[in-house]
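Here is the structure we will look at, set down as structure tokens.
Whatever order the structure lists ligands and atoms in, that order sets their numbers, starting from 1.
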Amino acid sequence: MTKVAVANGDGIGPEIMGAVLSIFKAAKVPLEFEFVDMGKWVFDKGYSNGMTPEAQQTIESLGILFKGPMETPKGKGVKSVNVTARKTWNTYANKRTFQTLHGVDTVFSKAGIPIDITIVRENIEDTYGGIEHMLTHDVALSRRFITRPGSLQVIKYAFEMAKKKGAKRITCGHKANIMKLTDGLFLDVFYEVAKEYPSLKSDDVIVDDLCMKLVSRPDLFDVVVLTNLQGDIVSDLCAGLVGGLGFAPSANIGDHISIFEAVHGTAPDIAGKNIANPTALLLSGFGMLRHLGLMEAATIIENALLYTLESGVHTGDFGDKTIPSLSTTEFADAIIGNFGKEPDNNPKPFIADQEPTPTSFKLEKNPMLESMELSRVSIVGVDMFVESNLQPTIIAEKCLNHTADIFKLVTISNRGTQVWPKGSSFTNLVNQYCCRFESLGGEAVTQVDIMELYKRLSHDFKICSTELLNRWGDRKAYSLAQGQ
Ligand code: NAI
């Protein structure tokens, strides 16, 4: 029998996991569950990544983790175990499916507008790298990594999944109009991959517009793929469209290990009361069963859940308040009692030869190494981020005093807005400036030249950070300051 690792989680985790596993056992799902130690109490025992070495070993050998929500201890300098797990095991695609559930009233269900949206969120990169520095006492910097191979892997997965699902449309959500290099790269990769799927309608929408369109016409969307942070926000928006976090399942898909969990957290306000809604975790469990090819078991339980919801049975967080709500365990028992029944609206058909959705999309080669002609890369300058509370003209004077013979000072910006040579007295300043130096005559320079500049500048300033200005052929591989 296939074995999967199970982590109960914190807060409501043990209650909802207990409810879901009781349903699986009653349905005789052919799975064995091996419990592992992860979560807040594991942090408290001194394991800084929130899991014991035995848990890590078990998960790595079984390849599937079914997990309850886990709390991130506040103010202890530890990182979220949820994010650590996703990143450690390279579960690069986070798939979240949001569907109209009859019996769960929303403005859209009442208006007869059906929703079936799958959000695929990149799960490793972006600001979730958590690479942050205080540059000065007042200025924090977060690095946002978007890479070609990382984008390619998740976008390929999204297209494959969309094709298998029979989706009609796949949309890339982004902010490439502002973040031209990072979101621009993600969008470029999206359209490169789209060429391989001519039968799928592919398009893109700027993320703010996407949010507006999702709340006004959610029925027009099918599969939406986004970078990590934007995907996180947009998927919670979609949870709201179908009735809230209690109905939002999630699958973190990787090449070797995949993690299935609800989108919601530990709900500390209702923990230990046996009133939490186990539906999101149960829906995540269906994703796991289908991922493992257990289609029939998933369909039987899913139909029982849909029938239960349709008959008005509910926990306290949703449903008709004139009908008494059930506890977590009673709700699970009601589903078990409805095995073999089918809902009137959209019963899930069991198709015997239905294939599991793609488990992962493994890259055969690293296209980043392939796509670059290194001979065409040249360094043409450097951004020096300096700490100072002086006015821009004085900063420029100091820079020019020591460096004019080796580099050209082209612009000084503060929080991304140009303040020298031109600027506005209305621009608010913080004590950290970016001084952009370009080579004299636009010639390529070396890192030794940059070090000389660094040495000279450090007489006058504390240099907090530097970024090389690269050029790929004729293309500048850096953004301009606002107003430059
Ligand atoms: P939360 O999702 O735990 O709770 C938000 C609200 O939704 C609360 O009012 C809660 O009672 C309600 N709620 C959530 N799940 C519910 C359910 N199944 N049934 C009924 N009501 C439900 O979000 P919050 O409060 O921001 O986070 C609490 C903790 O959970 C934090 O430590 C956070 O880091 C962690 N968290 C863990 C996640 C994971 O393990 N994947 C995801 C999100 C948060």
Notebook entry, point to check: Which pairs pass ring-ring contact (aromatic ring centres under 6.0 Å, His included) with one or both residues in residues 115-141, sequence neighbours excluded?
Noted result: none
Note to self: Less than 4.0 angstrom from a charged side-chain N to a carboxylate O is my criterion; do Asp222 and Lys201 meet it?
What the structure shows: no
Margin query: Tell me every residue that passes ring-ring contact (aromatic ring centres under 6.0 Å, His included) with Phe247, counting only those two or more places apart in sequence or in another chain.
Written below: Phe318
Next item on the list: State, to 0.1 Å, how close Arg169 and Leu200 come at their nearest heavy-atom pair, and which atoms those are.
Entry: N-CD2, 4.3 Å
Please set out all donor-acceptor pairs under 3.5 angstrom arising from side-chain atoms of residues 49-57, sequence neighbours excluded.
unit_1	atom_1	unit_2	atom_2	d
Asn49	OD1	Met51	N	3.2
Thr52	OG1	Ala55	N	3.1
Gln56	NE2	Glu60	OE2	2.9

Note to self: Any salt bridge linking Arg86 with Glu261? Criterion: basic side-chain nitrogen under 4.0 Å from a carboxylate oxygen.
What the structure shows: yes
Note to self: Students should find this: residues with any non-hydrogen atom under 4.0 Å from ligand 1. What is the answer?
What the structure shows: Ile12, Lys67, Pro69, Met70, Glu71, Thr72, Asn82, Arg86, Leu245, Glu261, Val263, His264, Gly265, Thr266, Ala267, Pro268, Asp269, Ile270, Ala276, Asn277, Asp317
